[in-house]
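The structure displayed is predicted, hence computed values, not measured ones. Just so you know, these numbers use all the heavy atoms, side chains as well, and skip hydrogens, waters and symmetry mates. Just so we're on the same page: letters track the sequence lines, and every chain starts at 1.
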Amino acid sequence: DVKVTQSSRYLVKRTGEKVFLECVQDMDHENMFWYRQDPGLGLRLIYFSYDVKMKEKGDIPEGYSVSREKKERFSLILESASTNQTSMYLCASSLAQLNTGAFFGQGTRLTVV
Amino acid sequence: AQSVAQPEDQVNVAEGNPLTVKCTYSVSGNPYLFWYVQYPNRGLQFLLKYITGDNLVKGSYGFEAEFNKSQTSFHLKKPSALVSDSALYFCAVRDGGYSTLTFGKGTMLLVSP
């Protein structure tokens with residue numbers, strides 16, 4: 001069974017902290033994504049990566065960075081967490097082919113206090 | 001650019017009745033269309049997709065969707081709703097010029113006993 005695993009289900013961090021969200025997929029997928037989900041706004045793309053060490057900005061990259069050192073792992077970094085980054089974060093992966101969908105992790109609910 | 005609209009924030013239906021969750025899209029090329037479902041505090045689960053071929057696509061849990069090119073729509077349907085179908089549903093689109101999925105804002109489906 002395909003699997004995308006996010007390291008934490010729930011996180012509480014303080015304003016100004018550096019926060020790492022980790023995501024691992026076991027499907028040998030080329031593409032990996034980080035989305036943010038907020039009520040009434042749906043899913044918004046933060047960053048994606050189509051290969052190791054490659055990254056592209058999504059719709060809302062400000063305040064975030066990413067790292068992909070290995071094919072199976074994609075990390076989202078909040079350099080200095082702020083309260084407006086309190087949200088549900090969803091990692092996903094997919095094959096490179098455009099006719100495939102994406103597989104999602106279970107989500108990390110981050111609260112910044 | 002690619003975009004998706006889900007015009008209803010919430011759909012209410014009685015158990016046993018047919019349900020429809022609406023989705024319209026905009027792409028520059030041929031669309032690849034997807035429906036996902038999300039249960040509380042969980043990631044997104046794939047329901048079905050349209051790539052090419054028959055306009056009526058069948059998916060998981062008895063759901064189906066009808067692709068209508070002239071109306072640029074991809075509505076999700078089920079002949080007989082279950083209380084357990086209550087969840088948040090997302091429509092997504094991907095076209096030939098993009099590597100990423102664009103999601104709608106989601107529609108909450110509430111099925112009453």
Side-chain angles (χ1 to χ4, degrees), chain A residues 1-6 8-11 21 23 25 27 29-51 54-61 87-111, chain B residues 1-10 21 23-25 27-53 57 59-60 63 65 67 74 87-108:
Chain A
D1 203 12
V2 297
K3 209 150 191 181
V4 178
T5 303
Q6 295 181 228
S8 304
R9 290 292 307 278
Y10 301 94
L11 273 180
L21 303 183
C23 176
Q25 51 99 358
M27 296 165 283
H29 283 170
E30 291 84 5
N31 297 337
M32 294 189 75
F33 311 87
W34 276 105
Y35 288 90
R36 171 177 170 160
Q37 181 182 6
D38 299 288
L41 298 177
L43 274 70
R44 294 179 291 167
L45 183 65
I46 305 172
Y47 269 97
F48 72 98
S49 168
Y50 53 89
D51 201 351
M54 306 302 290
K55 60 185 179 184
E56 293 283 345
K57 293 180 179 179
D59 301 318
I60 51 164
S87 186
M88 171 73 103
Y89 290 88
L90 294 167
C91 175
S93 71
S94 77
L95 292 168
Q97 292 93 321
L98 295 174
N99 63 351
T100 63
F103 294 87
F104 282 81
Q106 77 276 27
T108 296
R109 185 164 295 280
L110 173 67
T111 302
Chain B
Q2 56 188 31
S3 66
V4 174
Q6 293 182 243
E8 303 151 317
D9 292 335
Q10 185 168 306
V21 182
C23 171
T24 59
Y25 66 89
V27 297
S28 55
N30 290 324
Y32 302 113
L33 294 154
F34 305 84
W35 275 102
Y36 288 83
V37 61
Q38 185 182 36
Y39 298 99
N41 294 313
R42 307 295 296 179
L44 274 65
Q45 296 178 31
F46 171 81
L47 273 181
L48 51 79
K49 67 179 179 181
Y50 172 82
I51 303 301
T52 187
V57 178
S60 307
F63 283 93
F67 172 66
F74 189 56
L88 186 57
Y89 290 81
F90 288 97
C91 181
V93 69
R94 192 179 196 183
D95 81 5
Y98 290 83
S99 299
T100 63
L101 280 170
T102 295
F103 286 83
K105 293 184 178 181
T107 299
M108 179 63 72

If you count heavy-atom pairs under 4.5 Å with chain B, which of A:P39, A:G40, A:C91, A:A92 comes out on top? A:G40

Proximal component of [X], with respect to chain B [non-hydrogen, under 4.5 Å]:
X	value
A:R9	side chain
A:L43	both
A:Q37	side chain

Top residue by heavy-atom pair count (under 4.5 Å) with chain A, among B:Q45, B:K105, B:M108? B:K105

Minimum heavy-atom separation for B:P31 to B:F67, with atom names? CG-CE1, 3.9 Å

Between B:Q6 and chain A, which part of the residue has a heavy atom less than 4.5 Å away: side chain, backbone, both or neither? neither

Determine the interplanar angle of the A:F104 and B:Y36 rings, folded into 0 to 90°, and report it as parallel if under 30°, tilted if 30 to 60°, perpendicular if over 60°. perpendicular

Does a side-chain N-to-carboxylate-O contact under 4.0 Å join A:R44 and A:D38? yes

Flag for B:E8-B:T107: side-chain donor and acceptor within less than 3.5 Å: no

Enclosure of B:K49 NZ (heavy-atom neighbours >12, cutoff 6.0 Å): yes

